[in-house]
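Inspection log for the structure reproduced underneath, given as structure tokens.
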Amino acid sequence: DQHRRQIEMDLPRTFPDHRLFRDPQTHAPLRRLLCAFALRDPGRGYTQSLNFIGAFALLFLDEQLAFWCLCAVAERLLL
């Protein structure tokens, strides 16, 4: 779908020099987080730059908490 294609395009652009994101094999948690966010509210879906917020959250939080952090930031502060 459209959101999935955009997410796949943005994954390699997300902090490409950081050790946790430079290898495509390590993109899975961020991919899951962003796809789950897009499914949470299909009307909003995924927009560029959410990848950076999600990736930043993953640096400090486990995947589930990073998802809820992304939801809080995007839904209350950004969108």
Side-chain angles (χ1 to χ4, degrees):
D1 87 316
Q2 173 187 352
H3 298 299
R4 179 68 183 235
R5 282 192 303 275
Q6 188 62 54
I7 289 168
E8 291 301 325
M9 288 174 44
D10 286 347
L11 287 173
R13 302 174 188 164
T14 308
F15 301 132
D17 295 327
H18 193 282
R19 65 178 176 81
L20 291 178
F21 301 108
R22 80 175 71 130
D23 181 1
Q25 298 298 324
T26 62
H27 292 167
L30 182 58
R31 178 182 294 111
R32 286 190 298 268
L33 185 138
L34 296 173
C35 287
F37 182 83
L39 289 172
R40 177 176 164 82
D41 185 349
R44 284 186 197 167
Y46 171 78
T47 58
Q48 287 183 313
S49 79
L50 290 177
N51 55 317
F52 290 104
I53 298 167
F56 188 77
L58 284 169
L59 293 175
F60 301 99
L61 303 168
D62 68 37
E63 197 171 327
Q64 185 176 10
L65 288 175
F67 170 76
W68 291 114
C69 179
L70 175 63
C71 290
V73 170
E75 294 169 1
R76 295 180 185 175
L77 301 176
L78 298 178
L79 303 176

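Note that the structure is predicted; figures quoted are calculated from it, not measured.
Of all heavy-atom pairs spanning Q48 and N51, the tightest one is C-OD1, 4.2 Å. Closest approach of A74 and F37 over heavy atoms only: CB-CZ, 3.6 Å. Smallest separation of non-hydrogen atoms from A66 and L61: N-CB, 3.9 Å. The two atoms that bring H3 and A38 nearest to each other are CB-CB, 4.0 Å, heavy atoms only. Of all the heavy atoms in P16 and R22, the pair that sits closest is O-CB, 2.9 Å.
When the side-chain contact (heavy atoms from CB on, under 4.5 Å) test is applied to D23, the partners found at least two apart in sequence or on another chain are Q25, T26. Taking R32 as the reference, A28, P29, E63 meet the side-chain contact (heavy atoms from CB on, under 4.5 Å) condition, with sequence neighbours excluded.
Under the 4.5 Å side-chain heavy-atom criterion for Ile, Leu, Val, Met, Phe, Trp and Tyr, F67 and L20 are members of the same hydrophobic cluster. M9 is not connected to L11 by any chain of hydrophobic side-chain contacts under 4.5 Å among Ile, Leu, Val, Met, Phe, Trp and Tyr, and they are in different clusters.
When side chains are defined from C-beta on, L34 counts as touching L70, because their heavy atoms get closer than 4.5 Å. Using a 4.5 Å heavy-atom threshold, the side chains of E8 and R31 count as touching.
The CG atom of L58 sits 12.0 Å away from atom CD1 of I53, with the distance rounded to the nearest 0.5 Å. To the nearest 0.5 Å, the span separating SG on C69 from CG on L33 amounts to 9.0 Å.
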>> Could you walk me through whether L30 and T14 satisfy the side chain to side chain contact (heavy atoms under 4.5 Å, CB included) test, starting with their C-alpha distance in whole Å, then the side-chain angles of each, then the deciding distance to 0.1 Å, before giving a yes or no?
In response: CA-CA 9 Å; L30 182 58; T14 308; 3.8 Å; yes
> Yes or no on side chain to side chain contact (heavy atoms under 4.5 Å, CB included) for Y46 and R5, after CA distance, side-chain angles and deciding distance?
Replying inline: CA-CA 10 Å; Y46 171 78; R5 282 192 303 275; over 6 Å; no
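Using the six-membered ring where Trp is involved, F21 and F15 have ring planes that are tilted, between 30° and 60° apart.
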